[in-house]
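Single-structure report; data block below.
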Amino acid sequence: MEGRLRLQLCLAMCVQVLVVGTVVVAGAGARPPAMYVFGSSIVDVGNNNYLPGAAVARANRPYNGIDFPGSIPTGRFSNGYNTADYVAKNMGFVLSPPAYLSLAPNSTSSPLVLAALSSGVNYASGGAGILDSTNAGSTIPLSKQLEYFNATKAKMVAAVGAGAVSSLLSRSIFLVNIGNNDFYVFAAAELARNRSAEEQRSDAAALYASLLSNYSATITELYAMGARKLAIMNVWQLGCVPAVRVLSPTGACSGLLNQLAGGFNGALGSLLASLAPKLPGLAYSLADSFGFTQDVLADPAVAGFTDIAGACCGSGRLGGEADCAPNSTLCADRDRHVFWDRAHPSQRMAFLAAQAFYDGPAKYTSPINFMQLVQSR
């Protein structure tokens, strides 16, 4: 009992030091105190490794991670670092904060609290959607990710007090990248139902309404829990990933999916612009993943890419017929491919996107870029 008491006292003291140290560093103009990540597989750093069930999408086997330090699969759907890592690196972190489920969240031990206070936590999950119904049962939906963050916050408050946590969260970055899977599921359902163009437009309008309502609720809830700096990435060009291109006899992008994504992105921008004034102190940066991807695919040589259609790791036509696995075909020059696997960006694509969003051309972020968001007060 005495040993446990000493451990609890040590944890409290260590956490207090971490918080104070973070405040000093942040005040000196360095990295934010912490970063909290919400989203799907593009920013998942291993949460899905801990989910049960054969239907769960996982990236815990080669060739995933081949370019990660040690060449080990970490649960990232990438040959190396992913977008969350590079956003974090640009902001002064070593890499993305650790996956929530890797931190023994149901334990009374210290890893979760220490991570949450010193660098942040990543709640993202491959396959997750804005809607709970998207890939239900095989992922951590956005609503559940917020529940996990709320539980994390409660443990932070128990360790260092509400005032310290409120101060830390108000200066931390909340990265959100989600929506891709909602549209993949919707498009597959529309195709299976053989809907007419008019019916598709009606269904899309209903989908937008649900997505935007949930997105608005998410932002409002994060704000209520203490978030003040939101780095949001919109939906990229879904219709051009290898898994979609392979459905076309010519390997063309899907106009339907790209139109769906583009329409949603426009509505998301309007939602944020209207919502922010109602939440005093809120600052946000909306990154245009769609526009950035569009520009890269239109002129890949500028970014150093030679393959904009096929997966570096996959099977079948365009490498888009199966997930990356140990028996997959692996490309020789991974930095020349836009896509790592059938649905995710390569490490280099993630690096370039994060760089563009941090302090790149103004057209890729609004109303401010990620660097300005970090520096905002």
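Between the side chain of Asn48 and the backbone N or O of Ala57 there is at least one donor-acceptor pair closer than 3.5 Å. In terms of modelled atom types and a separation under 3.5 Å, the side chain of Arg245 and the main chain of Cys240 share a donor-acceptor contact. Panel note: side chain Ser118, backbone Leu114; a donor-acceptor pair is recorded below 3.5 Å. Remark: side-chain polar atoms of Asn64 are not paired, donor with acceptor, to backbone N or O of Pro73 under 3.5 angstrom.
Cys331 does not pair with Cys313 as a disulfide, the SG atoms being 2.5 Å or more apart.
Counting heavy atoms from C-beta on, the side chains of Phe93 and Pro32 come closer than 4.5 Å. For the pair Ile130/Phe264, a side-chain contact is recorded, criterion being any heavy-atom separation below 4.5 Å from C-beta on. Here the side chains of Ser170 and Arg228 are in contact, with some heavy-atom distance below 4.5 Å. Between Asp288 and Gln294, the closest side-chain pair of non-hydrogen atoms is not below 4.5 Å. Between Val374 and Lys229, the closest side-chain pair of non-hydrogen atoms is not below 4.5 Å. Side chains of Tyr36 and Leu175 form no contact here, defined as non-hydrogen atoms less than 4.5 Å apart. Ser96 places none of its side-chain heavy atoms less than 4.5 Å from the side chain of Tyr86. Side-chain contact between Tyr358 and Tyr364 is absent, with no heavy atoms from C-beta onward closer than 4.5 Å.
Using a 4.0 Å cut-off between charged side-chain N and carboxylate O, Lys144 and Glu147 make a salt bridge.
Of all heavy-atom pairs spanning Leu168 and Pro33, the tightest one is CG-CB, 3.9 Å.
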Please lay out, stage by stage, how Tyr123 and Tyr100 fare under the test ring pair (Phe, Tyr, Trp, His ring centres under 6.0 Å).
-> CA-CA 5 Å; Tyr123 302 88; Tyr100 172 76; 5.2 Å; yes
Show the numbers, then the answer: is there a side chain to side chain donor-acceptor pair (under 3.5 Å) between Arg76 and Thr74?
-> CA-CA 5 Å; Arg76 291 166 171 81; Thr74 62; 3.0 Å; yes
Check the pair Arg193 / Glu190 against salt bridge (charged side-chain N to carboxylate O under 4.0 Å, His left out), numbers first and verdict last.
-> CA-CA 5 Å; Arg193 295 166 66 188; Glu190 291 292 287; 3.6 Å; yes
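Side-chain contact of Asn47 with Ser125: a donor-acceptor pair under 3.5 Å is absent, judged by distance alone. Between the side chains of Ser78 and His344, no donor N or O sits under 3.5 Å from an acceptor N or O. Using a 3.5 Å distance cut-off with no hydrogens or angles, the side chains of Asp359 and Asn369 do not pair a donor with an acceptor. Side-chain N/O atoms of Thr134 and Asn181 include no donor and acceptor closer than 3.5 Å.
Within 6.0 Å of CG in Asn327 there are more than 12 heavy atoms belonging to other residues, nucleotides or ligands.
Scored by the salt bridge (charged side-chain N to carboxylate O under 4.0 Å, His left out) test, Arg342 finds Asp323 as partners (sequence neighbours excluded). Residues meeting the ring-ring contact (aromatic ring centres under 6.0 Å, His included) test with Phe290, sequence neighbours left out: none.
Aromatic rings of Tyr81 and Phe68 (six-membered ring for Trp) have centroids within the 6.0 Å cut-off, being under it.
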